[in-house]
Amino acid sequence: FGPMPHIFKTRHGRKVRRMILDRDGWQCQMCGVLLTGQMHQPNGAVVDHLEPVAMSPHRERDPANMRAVCRACHATCNSIEQRHAGNLSAIVAAKRGEPTIGPDGWPVQ
């Protein structure tokens, strides 16, 4: 059978994507820019999973785990996921713009 298609490649997924974009007012939840439907533009609309699907497959279809971001900020999200690989709480905190707190109680740079 093969792997399941990405959620936004299915009919239901396209509806969910549109719902998230409408819910977030077609505004990037990271930088605030108004989003367009033109994917090739820096302000093109992308729906990002706060908790990466690879780490939280059970939250792939959870709208509370999704938010609208621009294409440029989505690139930042991808680099955050790489930088904090394996550390789910650090990924989510960095995507939300929250400081990551180390074991000593101080923010990690």
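For the numbers below, each heavy atom of this structure counts, side chains included, while hydrogens, waters and symmetry mates do not.
For the atom pair CE of Met19 and CG of Asp24, the computed distance is 9.5 Å after rounding to the nearest 0.5 Å. Atom-to-atom distance recorded for Ser79:OG and His84:NE2 is 8.5 Å, nearest 0.5 angstrom. Interatomic distance, Lys95 NZ to Glu51 CD, rounded to the nearest 0.5 Å: 9.0 Å. The SG atom of Cys73 sits 8.0 Å away from the CZ atom of Arg67 when rounded to the nearest 0.5 Å. Once rounded to the nearest 0.5 Å, the distance linking CD1 of Ile20 with CE of Met66 reads 5.5 Å.
Within a 6.0 Å radius of CZ in Arg83, more than 12 heavy atoms belonging to other residues, nucleotides or ligands are found.
Closest heavy-atom contact between His49 and Arg59: CD2-O, 4.1 Å. Nearest heavy-atom pair, Trp26 versus Gly37, reported as atom, atom and distance to 0.1 Å: CZ3-N, 4.2 Å. Taking each heavy atom of Val47 and Arg17 in turn, the nearest pair found is CG2-CG, 3.6 Å. In plain terms, the two heavy atoms of Cys70 and Val33 that are nearest each other are CB-CG1, 3.7 Å. Among all heavy-atom pairs drawn from Leu35 and Ala68, the shortest one is CD1-CB, 3.8 Å. Residues Leu34 and Asn43 come closest through the heavy atom pair O-ND2, 3.3 Å.
Put simply, the side chain of Arg61 does not reach to within 4.5 Å of the side chain of Val16, judged on heavy atoms. You'll find the side chain of Leu88 reaches within 4.5 Å of the side chain of Pro52, heavy atoms only.
For the pair Gln27 (side chain) and Gly32 (backbone), a donor-acceptor distance under 3.5 Å is present. Counting only distance, with no hydrogens or angles, the side chain of Arg71 and the backbone of Val46 share no donor-acceptor pair below 3.5 Å.
In summary, of the residues considered (Ile91, Asn87, Thr76), a side-chain contact (heavy atoms from CB on, under 4.5 Å) with Glu81 occurs for Ile91 alone.
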